[in-house]
Amino acid sequence: MTPEELSAAIRAALSATVEAGDLSVEVPTEIRVERPKQKKHGDWTTNIALQLAKPAGMKPRDVATLVADRLREAEGISAVDIAGPGFLNITLETASAAELARSIVEAGAVYGHNEAMVGHTVNVEFISANPTGPLHIGHTRWAALGDSMRRLLVASGADVTAEYYINDAGAQMDTFGASVLARAKGEPTPEGGYPGPYVDDLAATALRLRPDLLDLPHDEALAVARQIGYETQLGDIRATLVDFGVEFDVWFSEKSLHEGGAVDAAIERLREQGHVDDRDGAVWLRTTDFGDDKDRVMVRSDGVPTYFAADAAYYLSKKDRGFPEKIYLLGADHHGYVSRLKAIAACAGDDPDRNIEIRIGQLVNLGGAKLSKRAGNIIELRDLISWIGTDAVRYSLGRYPADSPLNLDGEELRKQTNDNPVFYVQYAHARTFNVARLAAEDGIDRDAGFDPGLLSHPTEATLLAALGDFPRVVAHAAQLREPHRVARYLEGLATHFHKWYDTCRVRPHRDEEITDTHRTRLWLNDATRQVLSNGLDLLGVSAPERM
């Protein structure tokens, strides 16, 4: 019996109680079940009686008693106990609990998918690094967490768009273009410009694509150098992210907001809504009306729009493109953006507590990493991939909350030992493949027999309980935007699997006859493999067949 099937059974018992006139409440469309903290309290628990007691005008334990009496009659349930103020603790029959193994194998890659976020349309923006240099360790944490968050939301039924905001407007791009042009001319990097051998490479690319670059008038040469440098560097960012397992649905250009008139339109739109005024020759948005610490300039007295004006236009673009929920994942140096972005949402007529969510990621310190040879003063993501590997980097970043500073040891992440969490989980997955390979060599045909009643060993009950908890973990991680919950779950699942592997044989001893016990245990092995694979995929980590 899966958690979904148990929820349906509880709902049926509740509906029957209402139809009999013993209870007068509206039956919820969804009833949540969870694993109790202690095995002695059963396989599953629900607080539905506590939720319905007040609407029913009854004591929680009285509601629990009515529901328990009918739930005990349901097929596959061996016991229903009432605990504390009215919790229902449910114990399944061994065969009913073990039926989960076949259900998982048959569900395949979609096991763990749920409907916790159905009806939510979400725009997730993350990384959004300037296209003036390579991606570095400062971007890596949100690359891993942002993509995993997207995967979790999709698995939980949300309609999700992953978006990269390209900061390709403003003086920084002129400085970037001037740096590329200077290197193409063999001149020193201009003051305040972008240094590093990677700029020499961009200059060489510009000269290759435009052999006449140095013969052009200065302003034209600057524009060409800026455009080629921008396109080349953005291409490098895209390629690095693909290597890191991250792909975006939308690459949104800040420059397009200015050139398409969206910035001017946003200012007028907010003015019409009564939130814009003119002071000291500048145009201001009164964000203090909505909790910001000061009003924000949208257009300076010299007529030049600010970055904040583009931020407002970008927010309105997301709203107009049909994203009621907008998640911004920002770096540790962006705390000041929280109040101003929420104020923009309020000025736009949105609910800052519902329509916008801002997450701040803390810094990562990676011991043993070397500065980039191309950029000189940063640790490049591309170098991390080459040194440690995508799997180890993504898993290690994914297993901690984003709001906690993180210190990692690069050499430890490279070790092929059980002390390395990513190796530990991947090894469990590879072991399930090895079990299946050897079972096939022994002639064990999984489809020739499945008797869930045979999975009666305590380690099997524990493993099945963990497997059944996976959909709840995924839903909870999606709702809280916390991929680390999946990583920690997988480590626990791997531990349960290894203990089961050490205790219960799938393969027969020597000339021992193959029985349904071997076949049924192979189903459990394969169910574990499927859940490990599904969980690793949510973290953007591979599930190897051999290690």
Q. For Y337, does the OH atom sit with more than 12 other heavy atoms under 6.0 Å from it, leaving out its own atoms?
A. no

(Q) For the aromatic rings, using the six-membered ring if either is Trp, is the centroid distance between H334 and Y328 under 6.0 Å? (A) no

Q | Expected output: side-chain D292 to main-chain A343 donor-acceptor under 3.5 Å | A | no

Q.
Any donor-acceptor pair under 3.5 Å linking the side-chain atoms of T161 with those of N123?
A. no

Q. Do you know which of I356, I358, L153 makes side-chain contact (heavy atoms from CB on, under 4.5 Å) with I327?
A. L153

**Q.** Heavy-atom pair of closest approach, residues R399 and A487
**A.** CB-CB, 3.6 Å

Q) Going by the angle between their ring planes, with limits at 30° and 60°, are Y164 and F248 parallel, tilted or perpendicular? A) perpendicular

Q: Quick one: closest heavy-atom pair of A225 and V180, and the distance?
A: O-CG1, 4.0 Å

Q. Do side-chain atoms of K54 reach the backbone of Q51 as a donor and acceptor pair under 3.5 angstrom?
A. no

Q. Centres of the Y230 and F176 rings: under 6.0 Å?
A. no

Q. Among L316, D311, V263, D264, which one satisfies side-chain contact (heavy atoms from CB on, under 4.5 Å) with L257?
A. V263

Q | Atom pair CG (D280) and CZ (R300), whose distance is rounded to the nearest 0.5 Å | A | 15.0 Å

Q. Does the cation-pi check pass for R296 over W284, that is, NZ or CZ under 6.0 Å from the six-membered ring centre and within 45° of its axis?
A. no

Q | Residues R321 and S317: side-chain donor-acceptor under 3.5 angstrom | A | yes

Q: Find the distance between NE2 (H484) and OG (S148) and round it off to the nearest 0.5 Å.
A: 12.5 Å

Q: Kindly check if the number of other-residue, nucleotide or ligand heavy atoms within 6.0 Å of CD (E187) is above 12?
A: yes

(Q) Show every ring-ring contact (aromatic ring centres under 6.0 Å, His included) that has at least one partner inside residues 380-421, sequence neighbours left out. (A) none

Q: Apply the side chain to side chain donor-acceptor pair (under 3.5 Å) test between Q172 and each candidate in N130, T132, N167; give the one that qualifies.
A: N130

Q: Output all residues satisfying side-chain contact (heavy atoms from CB on, under 4.5 Å) with A332, sequence neighbours left out; order by chain, then residue number.
A: Q362, L363

Q.
Just checking F290: does its CZ atom have more than 12 heavy atoms from other residues, nucleotides or ligands closer to it than 6.0 angstrom?
A. yes

Q. Looking just at side-chain N and O atoms, do E325 and H120 make a donor-acceptor pair shorter than 3.5 Å?
A. yes

Q. Under 3.5 Å, is there a donor-acceptor pair linking the side chains of R382 and T240?
A. yes

Q. Would you call D295 and R279 a salt bridge, using N to O less than 4.0 angstrom?
A. yes

Q) Could you give the distance from CG (L366) to OG1 (T140), rounded to the nearest 0.5 Å? A) 9.0 Å

Q. Does the side chain of Q530 come under 3.5 Å of the side chain of N534 through a donor N or O and an acceptor N or O?
A. yes

Q) Within the side chain of R340, is there an N or O that forms a donor-acceptor pair under 3.5 Å with the backbone of G336? A) yes

Could you list the donor-acceptor pairs under 3.5 angstrom formed between side-chain atoms of residues 25-32 and any protein atom two or more places apart in sequence or on another chain?
| from | atom 1 | to | atom 2 | distance (Å) |
| --- | --- | --- | --- | --- |
| R32 | NE | E34 | OE2 | 3.1 |
| R32 | NH2 | E34 | OE2 | 3.0 |

Q: Answer yes or no: is there a donor N or O on one side and an acceptor on the other, between the side chain of R481 and the main chain of M149, under 3.5 Å?
A: no

Q) Do T495 and Y424 get their side chains close enough for a donor-acceptor pair, meaning under 3.5 Å? A) yes

